[in-house]
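All ligand and atom numbering here is 1-based and tracks the order in the structure.
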Amino acid sequence: TVVTDKAKVSPANAKDRPFPLEWTRNIGIAAHIDAGKTTTTERILFYSGAVHKMGEVHEGTTVTDWMEQERERGITITAAAISCAWNASCGPWKGIKQRINIIDTPGHVDFTAEVERSLRVLDGAVAVFDAVAGVQPQSETVWRQANKYKVPRIAFINKMDRVGADFHRAIDDIRTKLKGNAHALFLPIGKEENFTGLIDLVQMIAYTFEDSNDSLGLVPITGEIPAELLAEAQSYREKLLEAVSDFDDVIAEKYLGGEEISVGEFMLAVRKATISLNFCGVVPGSAFKKKGIQRLLDCVVNYLPSPIDVPPMAGEDSDGKPVEAPVDDKAKLSGLAFKLWNDPFVGKIVFYRVYSGFLPKGMSVYNPRTRRSERVSRLVLMRAMDREEIDKAYCGDICALVGVKDVITGDTLCDEDFDIRLEPPSFPEPVISMS
Ligand code: GDP
């Protein structure tokens with residue numbers, strides 16, 4: 001028998017984790033200006049239930065009123081990283097609360113270092129397009145950068161409620177202008193003012209946007225596919241199956257042999273295809289449709305990678321030789337300071353992604369640029385309307401550090417014994433102020 005000496009078990013033991021690493025999604029929302037990035041981000045935060053507590057605090061106010069108040073006060077919607085949680089309504093993680101960290105990806109293209117750094121810290125992205133305007137020139141830049149950093153993505157065709165919206169034209173645009181292997185995951189039910197729901201091509205069910213008693217709409221209303229759309233849905237399901245079977249031998253064999261493919265197998269095949277980077281699932285919707293945004297969140301959980309599904313982050317040692325940051329809590333700590341912020345309450349905070357190891361509050365982290373160590377006095381998770389003090393950050397997490405002063409964006413902060421630099425030295429950037 002193996003006797004384990006409790007005292008010898010490292011504090012970084014995976015058992016300490018509050019939840020497995022595969023329950024985390026670090027995502028960015030990328031878009032051309034005006035496509036609806038801000039609105040989509042806000043609604044993701046609100047419709048994931050983040051507003052729930054707030055509804056109680058501001059009794060009698062609606063979600064929208066609250067959002068307007070918060071906008072006036074300029075709260076954390078613009079933070080470098082905001083955490084929310086989502087219980088997917090279907091798929092392998094159904095009913096299990098997933099942590100979704102939304103990393104702000106600057107929409108402008110001039111600050112390339114900043115854009116590229118934000119693309120490095122995320123594992124997947126939602127590319128937002130305007131259903132009326134389709135693919136616009138700036139979307140091409142963002143798309144190319146996401147290709148360069150190998151960021152798997154889902155396309156969200158927003159504003160399906162607008163006059164002139166065209167879902168299929170937008171998919172064609174992604175194929176022709178961006179050379180993306182784009183395939184519909186859902187079909188819209190109606191469009192413009194009659195945009196009333198979505199057909200899930202994997203599950204072959206319809207979701208309606210109608211309201212239920214549940215004010216947050218966390219329980220989706222599902223039903224049968226409208227008869228007049230059934231043939232179209234079947235044909236698009238077939239196209240989707242064919243597309244993903246290129247990435248999954250089991251599915252390919254079953255598909256060619258005309259065998260039944262279960263919803264679970266189909267979902268895993270879509271996930272595999274997305275993570276391969278050679279496939280992009282497309283979701284129609286509108287940032288204004290609560291239940292549409294919630295289906296987009298289901299897709300984020302089911303199809304975008306967790307930190308263990310992507311290759312480990314590569315860096316260099318002090319001799320310039322390549323080193324990897326193992327995706328493991330038990331490895332030595334390494335992580336990237338990707339944004340600085342002046343918080344009116346706590347002062348300078350450093351947004352940080354842990355790539356390997358784990359970081360307990362109070363630990364000293366080494367900065368290879370300054371060759372000095374500094375103590376992390378507090379660790380904070382930023383949320384839409386509050387911040388949570390945490391004791392530890394684990395491999396794959398994104399959090400904010402307080403107490404580390406001599407740091408610039410792009411700095412590696414790691415264990416003193418770990419000779420790694422995650423990003424080559426770059427120019428200092430200004431500290432962004434919250435006010
Ligand atoms: P961003 O520049 O990409 O951040 O875009 P915004 O989120 O600021 O949205 C640009 C404009 O489009 C705003 O006036 C939004 O109210 C509007 N908008 C965003 N999403 C939708 C949508 O789904 N439907 C409609 N009709 N308008 C939208």
Side-chain angles (χ1 to χ4, degrees), residues 27-48 50-51 62-72 74-82 84 102-111 114-115 118-119 122 125-143 145-146 153-167 169-171 173-174 178 186-198 207-209 211 217 282-297 299-300 384 432:
I27 63 157
I29 302 188
H32 182 276
I33 202 144
D34 240 28
K37 180 177 125 174
T38 312
T39 320
T40 305
T41 308
E42 277 179 352
R43 303 297 167 112
I44 284 181
L45 294 171
F46 302 126
Y47 298 151
S48 65
V51 76
T62 65
V63 170
T64 317
D65 287 345
W66 177 79
M67 281 166 56
E68 268 151 24
Q69 286 171 28
E70 292 311 287
R71 193 176 294 128
E72 278 163 20
I75 205 175
T76 30
I77 190 78
T78 52
I82 311 178
C84 66
I102 301 178
I103 295 106
D104 184 46
T105 49
H108 46 80
V109 284
D110 6 338
F111 298 105
E114 195 186 337
V115 176
S118 67
L119 288 173
L122 44 90
V126 174
V128 182
F129 297 94
D130 181 324
V132 181
V135 170
Q136 296 158 284
Q138 200 200 306
S139 349
E140 297 180 34
T141 315
V142 177
W143 192 270
Q145 276 169 330
R153 71 215 82 139
I154 293 167
F156 179 58
I157 311 301
N158 189 33
K159 307 197 191 184
M160 282 300 299
D161 60 312
R162 277 187 62 201
V163 175
D166 191 333
F167 179 58
R169 188 187 54 210
I171 295 185
D173 262 11
I174 297 174
L178 304 176
F186 292 83
L187 291 182
I189 301 176
K191 64 174 180 178
E192 301 174 353
E193 78 263 38
N194 298 317
F195 177 46
T196 55
L198 294 173
Y207 288 96
T208 61
F209 297 151
D211 269 325
V282 191
V283 183
S286 157
F288 299 156
K289 304 284 186 191
K290 172 168 69 186
K291 293 184 184 168
I293 288 290
Q294 291 176 336
R295 302 292 70 73
L296 179 64
L297 283 166
C299 291
V300 165
I432 310 295

Per-ligand residue contacts, ligand 1, heavy-atom threshold under 4.0 Å: His32, Ile33, Asp34, Ala35, Gly36, Lys37, Thr38, Thr39, Asn158, Lys159, Asp161, Arg162, Ser286, Ala287, Phe288
For Asp173, which residues count as a side-chain hydrogen bond (donor to acceptor under 3.5 Å, both in side chains) partner, sequence neighbours excluded? none
For Ser286, give me all partners under side-chain hydrogen bond (donor to acceptor under 3.5 Å, both in side chains), at least two apart in sequence or on another chain. Asp161
With the side chain counted from C-beta on, respond yes when Val300 and Ile29 share a heavy-atom pair under 4.5 Å apart, and no when they do not. no
Testing Val128, Asp104, Ile102 for side-chain contact (heavy atoms from CB on, under 4.5 Å) with Thr41, which one passes? Ile102
Name the orientation class of the two ring planes belonging to Phe195 and Phe209 (parallel below 30°, tilted from 30 to 60°, perpendicular beyond 60°). perpendicular
Under the side chain to side chain contact (heavy atoms under 4.5 Å, CB included) test, which residues partner Arg162, sequence neighbours left out? Asp130, Val132, Lys159
